[in-house]
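Below: the structure, in structure tokens.
Nothing fancy with the numbering, it's 1 onward along the sequence.
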Amino acid sequence: HELRAIAAGMYVHLQAVLNDSLGAARTAAQNIDANGGVMATPAGTAAELLARELSGGEYVRALFVMTPNRFVAALRNRDVQMLDAPPAWLHAAIEDTRGVFIGNTIEDPIESTQRAFPIAVRTVDRSGATVWAGALLGVDALDQLYETMAIRDGALSVTSTSGDLLLRVPMPSMAHKGQINVRGSEVFKGSVELSEQGGFIEAPSPFASGAWIYAIRRLGGYRLAVSASREKDAILQSWHDRTRGLTVVLVGISVLFIGLSVLLRHFIHRLERANTNLGQLNAELESRVAARTNELQEANQQLALTNEEL
């Protein structure tokens, strides 16, 4: 239940992040189109229109628009990138026929020690030409958001449908040295067979020893999946701990019940003895009263005879 709830929380949050960032990129692309389009609008003006929409959280590192012959980006630190062709990390989008593009993680353009990944949506301008509008999302900034949801002895992950690990809390150290793809892992293969609503998978972790339990939710429209996972032994240990605690409580209740039963039985036994003693005392009292009455009657008779003689 804990894993399912956390995965659902990640799903809702990431959906909001993507809707916010891509919504801002779409709005900027529409404004650029209203000014004549990406190719006709001066690059400085296009960058200014992008910067106006760059108002989301720190995790939105940049907004950009792109065609095969132009790339314009506005960065959160107010820098601007203007190129006559898409950068290498967006080349794959040119040939992509799908409506959403998810790129590999790259060096954060603002902080070189951090990572980011691009996500873009295909739009069409007034001339009918394809324009990609997207955002560069900071992995480390998202990490800080998800750290509040972190699971003891567990992990939170965001993976693309191509198997690229975009985010993990805690993030493997190797992620800062290059791209990590988990397409060949058992957990990824199992997640492909899940429905849109996701589900549970038990599989070895690509980054840790032992079997892990994964709760997975798929963001089909964005070709992403989120997961909350924990080592199976840790889950079972928690269950054992709870069971042990419950057993101790039940044993304590049983001992208390037995003790109360003994006390109640002792009380009933004493009450029965008291009733028996009271019955005996009443019988003795009645016997004494009867004897006294007989003695009194005999004395009265003797007194009456004496009076007659006198």
query: Roughly how far apart are Thr123 OG1 and Ile32 CD1, rounded to 0.5 Å?
result: 9.5 Å
query: Does the cation-pi check pass for Arg217 over Tyr11, that is, NZ or CZ under 6.0 Å from the six-membered ring centre and within 45° of its axis?
result: yes
- prompt: Taking the hydrophobic residues Ile, Leu, Val, Met, Phe, Trp and Tyr, and joining any pair whose side-chain heavy atoms are under 4.5 Å apart, which ones share a cluster with Val124?
  reply: none
task: Might you confirm whether atom CG of Asp84 has over 12 heavy atoms from other residues, nucleotides or ligands at distances under 6.0 Å?
output: no
field: ILVMFWY clustering at 4.5 Å (side-chain atoms), partners of Leu296
entry: none
- prompt: What are the two closest heavy atoms between Leu50 and Ala74, and how far apart are they?
  reply: CB-CB, 3.8 Å
Residue list, side chain to side chain contact (heavy atoms under 4.5 Å, CB included) with Glu95, at least two apart or on another chain: none
- prompt: Given side chains that start at C-beta, do those of Val65 and Trp132 come closer than 4.5 Å, heavy atoms only?
  reply: no
message: Measuring from atom CG of Leu219 to atom OG1 of Thr161, what distance do you get when rounded to the nearest 0.5 angstrom?
response: 11.0 Å
- prompt: Got a sec, which residues hit side chain to side chain contact (heavy atoms under 4.5 Å, CB included) with Asp164, two or more places apart in sequence or on another chain?
  reply: Asn104, Ser160, Ser162, Leu166, Gln179, Asn181
message: List the residues meeting side chain to side chain contact (heavy atoms under 4.5 Å, CB included) with Ala73, not counting sequence neighbours, and say none if there are none.
response: Phe64, Phe71, Leu75, Gln81
- prompt: Can you tell me how far OG of Ser229 sits from CD1 of Ile6, rounded to the nearest 0.5 angstrom?
  reply: 10.0 Å
message: If you apply the rule side-chain contact (heavy atoms from CB on, under 4.5 Å), what do you find for Val60 with Arg76, and how did you get there?
response: CA-CA 7 Å; Val60 183; Arg76 179 159 295 279; 4.0 Å; yes
query: Is the shortest heavy-atom distance from the side chain of Thr130 to the side chain of Thr67 under 4.5 Å?
result: no
task: Using a 4.5 Å cut-off on heavy atoms from C-beta on, say whether the side chain of Arg61 contacts that of Leu137.
output: no
Common cluster, Leu63/Leu49, ILVMFWY with side-chain heavy-atom separation under 4.5 Å: yes
- request: Considering non-hydrogen atoms only, spot the tightest contact between Arg218 and Ser191 and give its length.
  value: NH1-O, 3.1 Å
- line: Apart from Ile258 itself, its cluster of hydrophobic side chains linked below 4.5 Å comprises Val262
- request: Answer yes if the side chains of Thr113 and Glu111 hold a donor-acceptor pair under 3.5 Å, and no otherwise.
  value: yes
- prompt: Going from CD on Glu231 to OG on Ser209, what distance comes out if it is rounded to the nearest 0.5 angstrom?
  reply: 5.5 Å
task: Determine, stepwise, if the pair Tyr222 / Asn19 fulfils side-chain contact (heavy atoms from CB on, under 4.5 Å).
output: CA-CA 10 Å; Tyr222 291 111; Asn19 289 342; 2.4 Å; yes
query: Is any side-chain N of the basic residue among Arg26 and Asp33 closer than 4.0 Å to the acidic one's carboxylate O?
result: no
Side-chain heavy atoms of Arg265 within contact of His269, under 4.5 Å: no
message: Strictly below 4.0 Å, N to O, side chains only: are Asp108 and Arg115 in salt-bridge contact?
response: no
message: Once rounded to the nearest 0.5 Å, what's the spacing between atom OH of Tyr214 and atom CD1 of Ile201?
response: 9.0 Å
field: Minimum side-chain heavy-atom gap Asp233-Trp212 below 4.5 Å
entry: no
task: Say whether Ile119 and Met10 are linked into one hydrophobic cluster, either directly or through other cluster members, by side-chain heavy-atom distances under 4.5 angstrom.
output: yes
